[in-house]
Amino acid sequence: MSAPPAEDLIKQWESEQASLRKQVLEEDTEDWQREPDFSGLERIGGVDLSFIKGDDVNACAQLVVLSYPDLEVLYEDSQMVTLTAPYIAGFLAFRETPFLLEALQRLERNQPTLLPQVVFVDGNGLFHYREFGLACHLGVLSGLPCVGVAKNLLQVQGVYKSEEHQSQIASLKKGGDSFPLTAASGKVLGKALRSSDKSSKPVYVSVGHKISLDTAVHLTHRCCRYRVPEPIRQADFHSREYLRKNFPAANTQIKE
DNA sequence: GCGACAG
DNA sequence: ATCTTGTCGC
């Protein structure tokens, strides 16, 4: 019946990414980004989507805003949404961005003074097949500075999970240590960061929008109490909590 | 055909 | 993303 991942749709998405890609700002554009201890930075956002096990259509879209540097939750918004686009590596933004944008718009409408000055996104920014991952997409469409943080390495543009890569990871000795993720072209697309002394597995940081890579990496480190930066960790926690509370038995399968 | 595949 | 408890270690 219906054709698989429509080749036409993919082409359309690629062209849309190429177009929006031109609007990404890869440098620091905010005053606080240049201050010693990010003086002037007070609010950081975190977004995420959580799903119920056997359901990849209904999800909880989450936005949280934390204070900086204390990282206390100032705002929290959970909203059930119905996804339309499928998950296809390289096109995650077409599946999630609409709902994350809506959450930011709800906040702007209801409590504009709480709008975050930078948003942490669960996924990549420029570290992407076409240098336009979810963090760039949300950044350009929202106009807000965004940082992409992926928990797993996307093998892209010549960056592989090679033994060389593994040894580089082994060379990260303490929280804050990092090494560049360099494309075949020579451009540094992101950095692998050991986010805390305790976690040996790094996170992959890349520019989303309106922030430089070095600032993004430094800020990410400042936001880590554990491996995953607090804004994303809290967004993940609250969205899962929402699903637990509103869809209890959705977890207990009944076998005959 | 085989491996890759952010969330 | 989600399936899943205990367990070894600091």
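Protein chains get the first letters and strands the later ones, always in sequence-line order, with residue 1 at the start of each. Remember, predicted model here, so these are calculated numbers, not experimental data.
- A:N124 comes within contact range of at least one nucleobase, with a heavy-atom separation under 4.0 Å.
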Verify ring-ring contact (aromatic ring centres under 6.0 Å, His included) between A:F91 and A:H137, making sure each step is shown before the conclusion.
CA-CA 10 Å; A:F91 301 96; A:H137 210 119; over 10 Å; no
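- In this structure, A:D48 places its CG atom 7 Å from P of C:dA1, rounding to the nearest Å.
- One can place CZ of A:R240 at 12 Å from C1' of C:dT4, the figure rounded to the nearest angstrom.
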Could you please spell out the steps behind the salt bridge (charged side-chain N to carboxylate O under 4.0 Å, His left out) verdict for A:E14 and A:K11?
CA-CA 5 Å; A:E14 286 180 340; A:K11 300 252 181 181; over 6 Å; no
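- When heavy atoms are screened at a 4.0 angstrom cut-off, A:G90 is found touching base atoms of the nucleic acid.
- Boundaries of the chain A contact region on DNA chain B are B:dA4 to B:dG7, first to last in 5' to 3' order (nucleotide atom under 4.0 Å from a heavy atom).
- One can place CG of A:D236 at 7 Å from P of C:dA1, the figure rounded to the nearest angstrom.
- Here the P atom of nucleotide C:dT2 and the CZ atom of A:F51 are 8 Å apart, to the nearest Å.
- Rounded to an integer number of Å, the gap from CG of A:D56 to P of C:dC3 is 13 Å.
- A:F94 comes within contact range of no nucleotide atom at all, as no heavy-atom separation falls under 4.0 Å.
- Of the possible donor and acceptor atoms, none in the side chain of A:E131 sits under 3.5 Å from a partner among the backbone N and O of A:L126.
- Rounded to the nearest Å, the gap between the C1' atom of B:dC5 and that of C:dT2 is 16 Å.
- Side-chain contact, A:Q62 with A:E76: a donor N or O sits under 3.5 Å from an acceptor N or O.
- Side chain of A:Q155 to backbone of A:K161: a donor-acceptor contact under 3.5 angstrom is found.
- Within the 4.0 Å cut-off from OP1 or OP2 of C:dG9, not a single side-chain nitrogen or oxygen of A:K198 is found.
- A:R227 places no side-chain N or O within donor-acceptor distance of the main-chain N or O of A:S199, the cut-off being under 3.5 Å.
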